[in-house]
Amino acid sequence: MASSVYLCLLRAVFLVCFVNPLIQGLSEDESVFQNPHHQQEENLTGLPIVTFKWHHVETPYLVIIWVFVAGLAKLSVVELNHHVISVVPESGLLIILGFILGGIVWGADRAQTFKLLPPTFFYYLLPQIILDASYFMPNKLFFSNLGAILIYAIFGTCWNAATVGLSLWGCYEAGVMGNLDIGLLQFLLFGSLIAAVDPVAVIAVFEEVHVNEVLFILVFGESLLNDGVTVVLYNVFDAFVALGGPRIDAAEIFKGIFSFVVVAFGGSFLGIGFAILLSLLTRCTKHIQIIEAGFVFVVGYLAYLTAEMLSLSAILSITFCGICCQKYVNANMDEKSVTTVRHAMKLLANGSETMIFLFLGVTAIDTEIWVWNTGFILLTLLFVFIYRIIGTFLFTWMLNKFRLVPIEVIDQVVMSYGGLRGAVAYGLAALLDEDKIPEKNLMISTTLIVVYFTVILQGITMKPLVQWLKVKRAAHSDLKLIEKLNNRAFDHILAAVEDICGRIGDNWWTRGWNRFEENYISWLLMKPKARKNRDYLFSIFHKLNLEDAINYVSEGERQGSLAFSRSDEAANVDFKKQFGSEFADVMPNIMVDMSNYELGIEHFSVTSIVKDTIPSVSLDIHGQDRKNAMDDINAHHLLQQHLYRSRKHHRHKYSRSHFSINQNEDEVQEIFQRTMRSRLESFKSTKMGVNPAKKITKHHKKELTHKMPNGHPDGTGHLYGDEVDIAVGSETGAINSTFMRDTYTVGAGIENPVFLPDMDSPTHSPPWLMETEAVAPSQRAQRRLPWTPNRLRRLAPMRISTCSTDSFLMADVSLTLEEHEEHSQTDHVEMRPVFD
Amino acid sequence: MGSTNSTLLKIPNVEVLMQETGLKLVAEENCLNVSPAHIIRLHDRFKALDKEGRGHLCPHDFGAIKELAMNPIGDRIIGAFFSPGKETVDFHTFVKILAHFRPVDKDRPKEPNSPEPINSRSNKLKFAFQLYDQDKDGKISRDELLQVLRAMLGMQVTDEQLESIADRTIQEADLDRDDTISFEEFRKSLEKINIDHKMSIRFLR
């Protein structure tokens, strides 16, 4: 597929650019690297056929090798014994694997030549993880819990930093740690860098224990935002340390607090600014679709670097950039670009996450950094753990006074236990200036131990704890239109009740914001076209339909053939109308003729649809919304394959900037003519009276007579069943006469009695719909059988009713049926040359 | 407490009201969870809405609330305050309707033979259900659903799309295949939704 090619390209770019500097600082003989020509010229004695130029490629080569190794590590970790993987989280395993690799390197070099350097981490590994997390943030959930998240992130982090720092200092003064060259400010600095819960570690662990969505968003949102806070706090204390104790007075402290606020909020607003820029940019990238996905990454990174340049909080900047732009960017960009962004983002984030954990392990195998101080290390572990618990319970207790849904005690336990420290803390520790802080190495080793302890030990015990405490899990459920519809209704009801009570409550604000967003922000940041069909309920509906389409075709295929849908009228699907505007670009105003259907069908097998086991808000980098993505891809693949297979495959191979399908005038013309011809023929056959169209009216009558006794108050304008189809049909095709469309029972040249649908006799329904019990379906049930793609939206009963998938499996296809199918298969073969 | 009580006395039948709605009056009753201030506040609001001072509200009193007029299903919600055939709503009923939206209190002692509280899950659901079921036949027909959908989705979706959405929605919930959604089906289809949270307002606690 085109997108995969693009992905490969992106991957290459990613590999080259982001790990490059990783080694740059490490390669010891850089001078050789810089003038390799010099050496060669000296050695030249004749014309060499091949030369060995290691120094020429050393740096990129090492980078790539490490990336490759990280990939292999991930692979081996995932493919490892599944018992192990179910006990130890992946992040922990990667760290352990890092130990081993580090051991190998150390064994060879007698020194750790590869370790995670802060610039590499902060500039090349961290941004994409944060961007990924924020870009896929479930916004509604996030903002409805924003208050709690901010309290935890800001006050919780400050609390952690202050208490850990002060307690350590107290213990130091009491003489527990022996003789260390360290003061109160240094302790506070250390407290601030160890305070923050790490999003990378949290996602990595929590993705495997699907806790309920509120708990998840609290932990995750907190970890994301408090990274920003902790960096700011770190900088403030760093400045204090540089200033020196005696020169700090009230004014300096006040300036410190003020700078904290400016840096944090300035970063956030900068991020929002870049989000607006990005949204505006994607409004006008229609003609450069092939690179528009790149803008998301470039602008996101730009937000990060700009904030860094202005000494604002870079993490907060890229976080808010991702959170704010996602809606508009996704609406503005082409569907393919959205998919590309999704995959590339996951690729980048997952890749660097692997690298981070691996290098956290590798870094440990180095005798230089290890300084052991039992008191300091153990007390840090203890305080980090204890104050996290106290802080969580304290702030939750305050929050619960105001929350509609109080946070339960069990959830609080999980929250406090989920206080995993990670690479950010290590990065900050490694950034410390050894001149100012003599005990830097002690701090680094303590940080590493805290990280290992929390990621590995707490990571391992998290799952049993969650199970033991019976924490409410994420209820994974099928997407249901009625639920979404009612959620919408509830919002309106609550807002109305607040109006009646005359109080300004949460719903008042929500509604006010929604209205503002709809009227002004969307108008500014969204393409007019994207605004039109973006109703949430409709998109749900659309998604469900796609799912059904896949089900439908795969069920048909399992039984051998979709021959029944080959009759021309039956296949007359107007995808533009049925599936919304999405396909409008692909097939402008063309009624797709499904008689091309069989051309590709033998080569294509639809992967069966996996039940959704991932909760709706799973933010994990790994799985992403695996299912959704798969479905989308499947659906697209499927539809594209089957709708019109012409010469499109030969085209995009040599065009770098266009994937477009069916843009060629000739092809469009061809499809049009073919469609028209076949319609004309079937029209003729209808006129001949092959299949009188009486039945529809008959149903109609039955319908009415059936309805009336039911006491329907307004028997006036009901459009039920087939009547709707008529109405819909007449609007679809200007060329297409309505009754033609409804006489989809016409055989249209295919002599296959099995698939000759006859409305009145249940025995002739498609084989996979036949129930084993010989009960004839009711009149209505029959009418609703999904005969054709035309009626895709009527497929819902298949999914819900008892005669759903089970009966597909049970359906016994008799030998005669198979014979017929074979017969129809040969029909395809004969027909193919005509279409080729 | 003295001033509070004197205000309360002006409200007719206040004891009964609190009993019924769970908005309790006196502190001695250990299941106190809503301070009387809520009822007083609601009473003030009631009086403010009742501009002519008749002691009851008419639909046009509700219509005067500007925000409510803009609510797509506002008229239905107003309608829910009036029992069929009645043109007015007194304070008693007013509070009783609003009590639907009180958050469920977990630590309230469960008395086995006490009637189901007004803010129970199924009562909340019933309230939502009757907003759809305008003809009060206990079923949401396709047409009724379509009307609500049209009101809520408005201009963004075409009529055909609306109809398909309505069809699909009914099919999801419709267990007995009569093309309508009964209350039982409605309840079943929303089983996964946490109604206690979704249909509660914080300040009525």
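Sequence lines set the chain letters: A, B, ... in the order given, protein chains first and strands last, and positions in each chain run from 1. Here the structure is a predicted model, which is why all the values come from computation and not from measurement.
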Evaluate the criterion side-chain contact (heavy atoms from CB on, under 4.5 Å) for residue pair B:R168 and A:D548; output intermediate values, then yes/no. CA-CA 12 Å; B:R168 171 122 206 176; A:D548 282 353; 2.6 Å; yes
Turns out that what part of B:L145 lies under 4.5 Å from chain A's heavy atoms comes down to side chain
Got a sec, which residues hit salt bridge (charged side-chain N to carboxylate O under 4.0 Å, His left out) with A:R511, two or more places apart in sequence or on another chain? A:D499, B:E67
Checking B:F127 against chain A: side chain, backbone, both or neither under 4.5 Å from a heavy atom? side chain
Looking only at non-hydrogen atoms, find the nearest pair between A:A496 and B:I77 and report the distance. CB-CD1, 3.4 Å
For chain A, find which of B:T169, B:L131, B:L49, B:I181 contributes the most heavy-atom pairs closer than 4.5 angstrom. B:T169
Please test B:H100 against A:V497 for side-chain contact (heavy atoms from CB on, under 4.5 Å), starting from the C-alpha separation and ending with a verdict. CA-CA 10 Å; B:H100 279 105; A:V497 171; over 6 Å; no
Atom CG in A:N486, atom CZ in B:F186: separation rounded to 0.5 Å? 4.0 Å
Counting only non-hydrogen atoms closer than 4.5 Å, does B:I165 touch chain A with its backbone (N, CA, C, O), its side chain (CB onward), both, or neither? both
Name the region of B:L146, side chain, backbone, both or neither, that has any atom closer than 4.5 Å to a heavy atom of chain A. neither
